[in-house]
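These notes concern the structure reproduced below.
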Amino acid sequence: MAKKSRQQLLSKNQKIIDKKIDEVFDKHIANLSDYLATLAQDVIEYIDSQKAIPIYTGNLRDATGIGVYTNGELTRYVPSQIATRPQSSGFNYTNIYNIWGYKYLSDALEAASKEYSKGVWFVLFSAVPYAFYIEDRYNYFSDLKDIIYESIISNLKTI
(Lines give C-alpha, C1' and ligand atoms only; values in the text may rest on other atoms or scores of the structure.)
Protein backbone atom coordinates (compact mmCIF):
# COMPACT_ATOMS: atom_id res chain seq x y z
CA MET A 1 0.00 0.00 0.00
CA ALA A 2 1.43 3.33 -1.03
CA LYS A 3 1.92 5.99 1.56
CA LYS A 4 -0.08 9.16 1.08
CA SER A 5 2.01 12.21 0.71
CA ARG A 6 1.87 15.00 3.23
CA GLN A 7 0.26 17.21 0.58
CA GLN A 8 -2.51 14.64 -0.07
CA LEU A 9 -3.29 14.40 3.64
CA LEU A 10 -3.37 18.19 4.01
CA SER A 11 -5.64 18.49 0.99
CA LYS A 12 -8.04 15.85 2.34
CA ASN A 13 -8.09 17.48 5.78
CA GLN A 14 -8.69 20.91 4.24
CA LYS A 15 -11.70 19.57 2.33
CA ILE A 16 -13.16 18.13 5.55
CA ILE A 17 -12.58 21.41 7.41
CA ASP A 18 -14.06 23.47 4.57
CA LYS A 19 -17.15 21.24 4.49
CA LYS A 20 -17.67 21.61 8.25
CA ILE A 21 -17.22 25.39 8.09
CA ASP A 22 -19.79 25.57 5.28
CA GLU A 23 -22.26 23.48 7.32
CA VAL A 24 -21.90 25.71 10.38
CA PHE A 25 -22.10 28.86 8.27
CA ASP A 26 -25.22 27.65 6.42
CA LYS A 27 -26.90 26.77 9.74
CA HIS A 28 -26.23 30.21 11.18
CA ILE A 29 -27.36 31.94 7.98
CA ALA A 30 -30.61 29.94 8.08
CA ASN A 31 -31.15 30.83 11.75
CA LEU A 32 -30.45 34.51 11.07
CA SER A 33 -32.80 34.55 8.07
CA ASP A 34 -35.55 32.89 10.12
CA TYR A 35 -35.11 35.42 12.92
CA LEU A 36 -35.16 38.35 10.49
CA ALA A 37 -38.32 37.01 8.81
CA THR A 38 -40.05 36.93 12.20
CA LEU A 39 -38.75 40.40 13.04
CA ALA A 40 -40.00 41.70 9.67
CA GLN A 41 -43.50 40.46 10.45
CA ASP A 42 -43.36 42.04 13.92
CA VAL A 43 -42.20 45.40 12.52
CA ILE A 44 -44.97 45.45 9.91
CA GLU A 45 -47.54 44.65 12.60
CA TYR A 46 -46.10 47.52 14.63
CA ILE A 47 -46.29 49.86 11.61
CA ASP A 48 -49.88 48.81 10.95
CA SER A 49 -50.82 49.50 14.58
CA GLN A 50 -49.32 53.00 14.65
CA LYS A 51 -50.94 56.26 13.67
CA ALA A 52 -47.63 57.99 12.85
CA ILE A 53 -47.99 57.36 9.13
CA PRO A 54 -50.98 59.47 8.10
CA ILE A 55 -53.51 57.49 6.12
CA TYR A 56 -55.02 59.67 3.44
CA THR A 57 -55.20 56.92 0.87
CA GLY A 58 -53.02 54.23 2.49
CA ASN A 59 -50.43 54.30 -0.27
CA LEU A 60 -47.54 55.46 1.91
CA ARG A 61 -48.17 52.54 4.23
CA ASP A 62 -48.52 50.21 1.25
CA ALA A 63 -45.19 51.45 -0.10
CA THR A 64 -43.51 50.72 3.23
CA GLY A 65 -42.35 47.18 3.73
CA ILE A 66 -39.45 44.99 4.67
CA GLY A 67 -37.31 42.80 2.50
CA VAL A 68 -34.99 40.15 3.91
CA TYR A 69 -32.28 39.23 1.42
CA THR A 70 -29.89 36.31 1.58
CA ASN A 71 -27.11 36.53 -0.99
CA GLY A 72 -29.24 38.55 -3.39
CA GLU A 73 -32.37 36.44 -3.04
CA LEU A 74 -35.46 38.04 -1.54
CA THR A 75 -36.25 35.43 1.11
CA ARG A 76 -38.95 37.36 2.93
CA TYR A 77 -41.19 40.21 1.86
CA VAL A 78 -43.65 41.68 4.31
CA PRO A 79 -46.00 44.33 2.87
CA SER A 80 -49.17 46.06 3.89
CA GLN A 81 -51.94 46.61 1.39
CA ILE A 82 -54.71 48.84 2.62
CA ALA A 83 -55.03 51.45 -0.15
CA THR A 84 -58.30 51.53 -2.03
CA ARG A 85 -57.43 54.44 -4.32
CA PRO A 86 -54.20 55.91 -5.68
CA GLN A 87 -52.39 58.74 -3.94
CA SER A 88 -52.84 62.25 -5.28
CA SER A 89 -49.49 63.69 -6.13
CA GLY A 90 -50.21 67.03 -7.76
CA PHE A 91 -51.64 70.34 -6.67
CA ASN A 92 -55.32 70.61 -5.72
CA TYR A 93 -55.37 66.88 -5.01
CA THR A 94 -55.23 66.11 -8.72
CA ASN A 95 -53.89 62.62 -9.21
CA ILE A 96 -51.22 63.31 -11.80
CA TYR A 97 -49.04 60.24 -11.30
CA ASN A 98 -51.61 57.69 -10.10
CA ILE A 99 -49.34 56.46 -7.30
CA TRP A 100 -50.12 53.02 -5.90
CA GLY A 101 -47.77 52.29 -3.01
CA TYR A 102 -47.64 48.53 -3.42
CA LYS A 103 -46.42 48.91 -7.02
CA TYR A 104 -43.59 51.21 -5.94
CA LEU A 105 -42.62 48.78 -3.16
CA SER A 106 -42.70 45.76 -5.44
CA ASP A 107 -40.46 47.49 -7.97
CA ALA A 108 -38.03 48.61 -5.25
CA LEU A 109 -37.79 45.15 -3.71
CA GLU A 110 -37.09 43.55 -7.07
CA ALA A 111 -34.46 46.11 -8.04
CA ALA A 112 -32.77 45.85 -4.65
CA SER A 113 -31.76 42.22 -5.11
CA LYS A 114 -28.76 43.45 -7.08
CA GLU A 115 -27.73 45.80 -4.27
CA TYR A 116 -27.91 43.09 -1.60
CA SER A 117 -26.15 40.32 -3.50
CA LYS A 118 -23.79 39.26 -0.71
CA GLY A 119 -24.68 38.47 2.87
CA VAL A 120 -27.92 38.77 4.81
CA TRP A 121 -29.83 42.05 4.71
CA PHE A 122 -32.86 43.39 6.55
CA VAL A 123 -34.11 46.36 4.54
CA LEU A 124 -36.90 48.73 5.53
CA PHE A 125 -38.25 50.32 2.35
CA SER A 126 -40.55 53.22 1.85
CA ALA A 127 -40.72 53.53 -1.86
CA VAL A 128 -43.04 56.42 -2.65
CA PRO A 129 -41.50 59.78 -3.53
CA TYR A 130 -43.16 61.64 -0.66
CA ALA A 131 -41.98 59.33 2.16
CA PHE A 132 -39.22 61.80 2.98
CA TYR A 133 -41.88 64.34 4.05
CA ILE A 134 -43.03 61.94 6.76
CA GLU A 135 -39.43 61.36 7.81
CA ASP A 136 -38.75 65.11 7.95
CA ARG A 137 -41.91 65.81 9.88
CA TYR A 138 -41.99 62.85 12.31
CA ASN A 139 -38.58 61.09 12.16
CA TYR A 140 -40.76 58.03 11.66
CA PHE A 141 -38.35 55.90 9.65
CA SER A 142 -35.35 56.88 11.75
CA ASP A 143 -37.21 55.83 14.89
CA LEU A 144 -38.13 52.51 13.27
CA LYS A 145 -34.54 51.99 12.19
CA ASP A 146 -33.35 52.50 15.77
CA ILE A 147 -35.88 49.98 17.13
CA ILE A 148 -34.96 47.42 14.45
CA TYR A 149 -31.22 47.88 14.98
CA GLU A 150 -31.47 47.41 18.74
CA SER A 151 -33.57 44.26 18.31
CA ILE A 152 -31.14 42.70 15.85
CA ILE A 153 -28.06 43.53 17.93
CA SER A 154 -29.60 42.25 21.16
CA ASN A 155 -30.64 38.98 19.51
CA LEU A 156 -27.45 38.22 17.57
CA LYS A 157 -25.99 36.35 20.52
CA THR A 158 -28.88 33.88 20.54
CA ILE A 159 -29.05 33.27 16.81
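Since we're looking at a predicted model, the values are computed, not measured. Computed from heavy atoms alone, side chains included, the values below leave out hydrogens, waters and symmetry copies.
- By the side chain to side chain contact (heavy atoms under 4.5 Å, CB included) test, Ser151 pairs with Tyr35, Leu39, Asn155, sequence neighbours left out.
- Under a hydrophobic clustering in which Ile, Leu, Val, Met, Phe, Trp and Tyr are joined whenever their side-chain heavy atoms come within less than 4.5 Å, directly or via other members, Tyr116 and Leu124 fall into different clusters.
- No donor-acceptor pair under 3.5 Å is formed between the side chain of Asn71 and the backbone N or O of Lys118.
- For residues 19-41, every residue pair satisfying the salt bridge (Lys or Arg N to Asp or Glu O under 4.0 Å) rule, not counting sequence neighbours, is listed here: Lys20-Glu23.
- Linking Ile, Leu, Val, Met, Phe, Trp and Tyr whenever their side-chain heavy atoms come within less than 4.5 Å puts Phe141 and Ile152 in one cluster.
- Residues Ile44 and Thr64 approach most closely at CD1-O, 4.2 Å, considering heavy atoms.
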Test side-chain contact (heavy atoms from CB on, under 4.5 Å) applied to Ile66 and Phe122, step by step: CA-CA 7 Å; Ile66 295 169; Phe122 184 95; 3.6 Å; yes
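- Phe125 meets the ring-ring contact (aromatic ring centres under 6.0 Å, His included) test with no other residue; sequence neighbours excluded.
- For Gln14, the side-chain hydrogen bond (donor to acceptor under 3.5 Å, both in side chains) criterion is met by Asp18, not counting sequence neighbours.
- Remark: Ile147 pairs with Tyr46 by the side chain to side chain contact (heavy atoms under 4.5 Å, CB included) rule, at least two apart or across chains.
- Judged as a side-chain hydrogen bond (donor to acceptor under 3.5 Å, both in side chains), and not counting sequence neighbours, Glu73 has no contacts.
- Side-chain contact annotation: Thr70 with Ser33, donor-acceptor N/O pair under 3.5 Å present.
- With sequence neighbours excluded, no residue forms a side-chain hydrogen bond (donor to acceptor under 3.5 Å, both in side chains) with Ser49.
- With a 4.5 Å cut-off between side-chain heavy atoms of Ile, Leu, Val, Met, Phe, Trp and Tyr, the cluster of Ile21 takes in Ile17.
- Grouping the Ile, Leu, Val, Met, Phe, Trp and Tyr side chains by contacts below 4.5 angstrom, directly or via other members, places Leu36 apart from Leu109.
- Note on Leu74: it clusters hydrophobically with Val123, by side-chain heavy-atom contacts below 4.5 Å among ILVMFWY residues.
- Under the 4.5 Å side-chain heavy-atom criterion for Ile, Leu, Val, Met, Phe, Trp and Tyr, Leu105 and Trp121 are members of the same hydrophobic cluster.
- Here the closest heavy-atom approach between residue Tyr69 and residue Ser113 is recorded as CE2-OG, 3.6 Å.
- Residues forming a side chain to side chain contact (heavy atoms under 4.5 Å, CB included) with Ile153 (at least two apart in sequence, or on another chain): Tyr149, Leu156.
- Residues satisfying the side-chain hydrogen bond (donor to acceptor under 3.5 Å, both in side chains) criterion with Glu110, sequence neighbours excluded, are absent altogether.
- Taking Lys12 as the reference, Lys4, Ile16 meet the side chain to side chain contact (heavy atoms under 4.5 Å, CB included) condition, with sequence neighbours excluded.
- Residue pairs satisfying the salt bridge (Lys or Arg N to Asp or Glu O under 4.0 Å) criterion with at least one member in residues 134-151, sequence neighbours excluded, are absent.
- When all heavy atoms are compared, the tightest approach of Val68 to Ala40 is CG2-CB, 4.3 Å.
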